[in-house]
Colleague: 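Below you will find the structure I want to go over with you.
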Amino acid sequence: MAFSSPLFSPVNFTLNPNPQLHHPKCTKPNNRRSFSVCAIPPLSTATDISAVTGPLDGTTIAVLGGSSVAALAAILSLADPERRRQLQAEEVGGGDKEVVREYFNNNGFQRWKKIYGDTDDVNKVQLDIRLGHSKTVENVMKMLTEEGSLQGVTVCDAGCGTGCLSIPLAKEGAIVSASDISASMVAEAQKQAQEELFKGKNDQSLAPVMPKFEVKDLESLDGKYDTVVCLDVMIHYPQSKADGMIAHLASLAENRLILSFAPKTFYYDLLKRIGELFPGPSKATRAYLHAEADVERALQKAGWKIKKRGLIATQFYFAKLIEAVPA
């Protein structure tokens, strides 16, 4: 396996897939290649590292020796990734949200559809990100099912992508409201849900309830749900806006709020900035790291507290996973 570190958490998450919770469209657990790429996990969305086609091409960042960090930090001061972001925003006529919508409706959709899917047409980095994301989904499902059945439980999957979480939730009997800013992602999620939830079921009364998929950004979400889940979306929000987004998601949840985000540390922040020097063959979105303390502070301000927390890390994917409940 390619995991540099499977899961660091006081919570006893398991990395062994539960076959009942497995969603084959989002991972290939039987593919146990050992990767030769030696890298610390950069931010795949920020640097477009998922477009890497070989272990040592121009967008791959090798392991940094201690003596290299200072030199690279100096180089970063000469770069101008902010200018590149400004041009990107001007091109689509807006800010971060418009850039994200444009990216995931076009080049980003094609790339991440492959990563979230089960095609063999992925490189080593993309496969590693696929495995990392699938571990996040597995652990969310473990969080949600270990306290009881999901039958009839209302769940909001905010930023559903291609349905990697919505579909296994529906299989467990949850009533799922799923949304994404990308119309392309939503259409793909609907297609996959139809195929997986109703394939081979002649008696439709025995089939799970089809998730309700909508094209919406996080700020437009409304309603009340037992549980709200938002995975790998905070990467598109600066902390100043993330606080409001967390408060809004908390206002939709009655019992549980589950978030995943890229953790902000000095080392990860430096690697992200290094990656910005190598934007890859196609444009990607701006990415933001978040300190766990800032996320916890935003939750506390909204009247919530963290119940469980964990870290999922592979070579090219890392995410902090937290479950919050009303304080």
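Values below: all heavy atoms of this structure, side chains included; hydrogens, waters and symmetry mates excluded.
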Colleague: Any chance the side chains of Q192 and E188 put a donor and an acceptor closer than 3.5 Å?
Modeller: yes
Colleague: May I ask you to decide if L221's main-chain N or O and H248's side chain share a donor-acceptor pair within less than 3.5 Å?
Modeller: yes
Colleague: What's the shortest heavy-atom distance between L169 and L144, and which atoms?
Modeller: CD2-CD1, 3.5 Å
Colleague: Could you check whether any side-chain heavy atom of I129 comes within less than 4.5 Å of a side-chain heavy atom of W112, counting everything from C-beta outward?
Modeller: yes
Colleague: Taking atom OH of Y317 and atom OG of S134, what is their separation to the nearest 0.5 Å?
Modeller: 9.0 Å
Colleague: Is any side-chain heavy atom of P211 closer than 4.5 Å to one of L197?
Modeller: yes
Colleague: Does Q315 offer a backbone N or O that forms a donor-acceptor pair with the side chain of D128 under 3.5 Å?
Modeller: yes
Colleague: Specify the closest pair of heavy atoms between T162 and Y116, including all atoms of both residues, with the distance to one decimal.
Modeller: OG1-CB, 3.4 Å
Colleague: Please give me the minimum heavy-atom distance between Q190 and M210, naming the atom from each residue.
Modeller: O-CE, 3.6 Å
Colleague: For the backbone of T227 and the side chain of N255, can you confirm whether one donor and one acceptor N or O come within less than 3.5 Å of each other?
Modeller: no
Colleague: Would you please test R256 and D226 for side-chain contact (heavy atoms from CB on, under 4.5 Å) and show each step?
Modeller: CA-CA 7 Å; R256 284 185 294 198; D226 177 89; 4.1 Å; yes
Colleague: Quickly, which of E296, R309, K307 forms a side chain to side chain contact (heavy atoms under 4.5 Å, CB included) with I322? Name it, please.
Modeller: R309
Colleague: Tell me if the aromatic rings of H236 and F104 count as close, with their centers under 6.0 Å from one another.
Modeller: yes
Colleague: How many angstroms lie between atom NZ of K212 and atom SG of C156, to the nearest 0.5 angstrom?
Modeller: 11.0 Å
Colleague: Sequence neighbours left out, what passes side chain to side chain contact (heavy atoms under 4.5 Å, CB included) with D217? Give chain and number order.
Modeller: K97, R101, I181, E219, S220
Colleague: Do D222 and K216 have side chains that approach each other closer than 4.5 Å (heavy atoms only, starting at C-beta)?
Modeller: yes
Colleague: Could you report the tightest heavy-atom contact between A170 and P208, atom names first, then the distance?
Modeller: O-CB, 3.3 Å
Colleague: OG/S149 to CD/E172 distance, rounded to the nearest 0.5 angstrom?
Modeller: 7.5 Å
Colleague: Is a donor on one side and an acceptor on the other found under 3.5 Å between the side chain of R130 and the backbone of K114?
Modeller: yes
Colleague: Can you see which heavy atom on L311 is nearest to which on K320, and at what distance?
Modeller: CD1-N, 4.1 Å
Colleague: In terms of hydrophobic clustering (I, L, V, M, F, W, Y; side-chain heavy atoms under 4.5 Å; direct or indirect links), are F318 and F261 co-clustered?
Modeller: no
Colleague: Apply side-chain contact (heavy atoms from CB on, under 4.5 Å) to L299 and K305, showing your working.
Modeller: CA-CA 6 Å; L299 286 165; K305 64 181 180 181; over 6 Å; no
Colleague: Over all heavy atoms of both residues, which pair between A158 and L249 is shortest? Give the atoms and the distance, please.
Modeller: CB-CD2, 4.2 Å
Colleague: Treat each ILVMFWY residue as a node, draw an edge where side-chain heavy atoms are under 4.5 Å apart, and state whether V137 and L150 are in one component.
Modeller: yes
Colleague: What distance separates D294 CG from L289 CG, expressed to the nearest 0.5 Å?
Modeller: 11.5 Å
Colleague: Any sub-3.5 Å donor-acceptor pair from E102's side-chain atoms to V99's backbone N or O?
Modeller: no
Colleague: Flag the pair E138 and K142 as a salt bridge only when some basic side-chain nitrogen lies within less than 4.0 angstrom of an acidic carboxylate oxygen.
Modeller: no
Colleague: Flag yes if I306 and L257 sit in one hydrophobic cluster, no otherwise; membership is Ile, Leu, Val, Met, Phe, Trp, Tyr, and two members link when side-chain heavy atoms are under 4.5 Å apart.
Modeller: yes
Colleague: Hey, is the main chain of D232 close enough, under 3.5 Å, to the side chain of S260 for a donor-acceptor pair?
Modeller: yes
Colleague: More than 12 non-hydrogen atoms from neighbouring residues, nucleotides or ligands closer than 6.0 Å to NZ on K224, yes or no?
Modeller: yes
Colleague: Quick one, M143 and I258 - any side-chain contact, counting heavy atoms below 4.5 Å?
Modeller: yes
Colleague: I'd like to know if the side chain of N139 reaches the main chain of K135, judged simply by a donor and an acceptor atom lying under 3.5 Å from each other, with no hydrogens or angles considered.
Modeller: yes
Colleague: Decide whether L231 and M234 are clustered together by the hydrophobic rule: side chain heavy atoms of Ile, Leu, Val, Met, Phe, Trp, Tyr closer than 4.5 Å, transitively.
Modeller: no
Colleague: Could you grab the distance from atom CG of D157 to atom OG of S177, nearest 0.5 Å is fine?
Modeller: 9.5 Å
Colleague: So do L165 and M141 actually touch side chain to side chain, heavy atoms under 4.5 Å?
Modeller: yes
Colleague: Please tell me whether W304 and L259 are part of a single hydrophobic cluster in this structure, the criterion being side-chain heavy atoms less than 4.5 Å apart.
Modeller: yes
Colleague: Quick one: do the N105 and S182 side chains pair a donor with an acceptor below 3.5 Å?
Modeller: yes
Colleague: Going from CG on L131 to CD1 on I115, what distance comes out if it is rounded to the nearest 0.5 angstrom?
Modeller: 11.5 Å
